[in-house]
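This report concerns only the one structure given below.
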Amino acid sequence: GYSWLPSYYVIGIMPILDLGNVGFSLQQIETKYENITLSKEQIFSIAQGFNIQKDKNSHMALGYTANFIQWSLGNSAGISGDGSDGQNLNGVGINVMTIDVGILASLREKYRFGILIKNINSGTVGKNMSRQILPQRINVGITYKPASGLFTTISAERILTSNALQIKGSIRYKINSLLEIYSGAQLKPNRFGFGCKVIINPYTVTYSLLTHPVLPSTQQISIGFTL
């Protein structure tokens with residue numbers, strides 16, 4: 001990755017013969033303290049979806065994503081405690097693959113229902129006594145389109161080994177062919193978000209703001225284009 005860009009996310013979709021549209025993504029998250037890298041995580045994903053059933057009134061599709069995760073550590077804390085004189089831990093890392101599977105159904109382009117299961121293959125990290133299964137999550141959501149360009153969504157997420165339920169809701173409204181606005185909220189933890197997308201074919205620019213109950217708010221800007 002780039003030293004001046006500790007976190008980035010790149011997505012692309014392209015048609016492949018006999019496979020249809022296939023999506024690719026690459027993301028990196030790097031944790032630093034006073035310019036010292038503590039850890040780095042890179043995820044490369046491949047995704048594909050295909051129709052199970054489609055007619056004038058209804059549509060059902062199935063999709064999957066394969067995630068290849070690599071996580072590595074920087075130096076240990078050392079005597080100073082900040083990693084500047086610590087032991088090099090480049091040889092300590094994790095390589096694991098997880099698979100996500102989802103299904104989406106729609107009726108008259110007005111109602112949509114979807115289910116997503118993350119880490120369905122029970123990907124693990126560590127060995128022997130330190131072996132741990134990565135969290136498995138299930139997401140269930142429904143979208144209703146009450147008017148042209150207006151979409152309302154409510155979804156629930158739960159870790160399969162926990163009874164805690166996270167509820168999310170969002171509204172998306174397409175004002176015209178050039179501008180879309182978004183807003184949303186979630187419980188446990190309580191967070192609120194707002195965003196907008198400017199569309200100038202073949203380019204799109206998206207801005208979003210997301211609050212956090214403890215940490216400062218996060219702002220993101222993304223740029224997309226169609227070849």
Could you grab the distance from atom CD1 of I181 to atom NZ of K197, nearest 0.5 Å is fine? 13.0 Å
Taken to the nearest 0.5 Å, the spacing of K168 NZ from L187 CG works out to 11.0 Å
Mind running side chain to side chain donor-acceptor pair (under 3.5 Å) on Q27 and Y8 for me, showing each step along the way? CA-CA 6 Å; Q27 59 179 313; Y8 61 83; over 6 Å; no
Single-linkage hydrophobic cluster L215~L209, side-chain heavy atoms < 4.5 angstrom: no
N119-Q136 side chain donor-acceptor pair, cut-off 3.5 Å: no
Exercise: do N51 and Q53 side chains pair donor with acceptor under 3.5 Å: no
Tell me if the [atom1] atom of [X] is crowded by more than 12 foreign heavy atoms within 6.0 Å.
X    : atom1 : answer
I13  : CD1   : no
I175 : CD1   : yes
I16  : CD1   : yes

Sequence neighbours excluded, every pair satisfying ring-ring contact (aromatic ring centres under 6.0 Å, His included) that has a member inside residues 106-158: Y111-Y144
Does the pair Y173 and E180 meet the rule for a side chain to side chain donor-acceptor pair (under 3.5 Å), with working shown? CA-CA 6 Å; Y173 182 53; E180 294 182 13; over 6 Å; no
Identified side chain to side chain contact (heavy atoms under 4.5 Å, CB included) counterpart of M60 within the set D55, I103, L107: I103
Candidates R172, K110, R112 - the one meeting side chain to side chain contact (heavy atoms under 4.5 Å, CB included) with T143: R112
Begin with the C-alpha distance, continue with both residues' side-chain angles, and end with the deciding distance and a verdict on side chain to side chain contact (heavy atoms under 4.5 Å, CB included) for V101 and L62. CA-CA 8 Å; V101 175; L62 179 69; 4.1 Å; yes
Under 4.0 Å between a side-chain nitrogen and a carboxylate oxygen: does that hold for E109 and K145? no
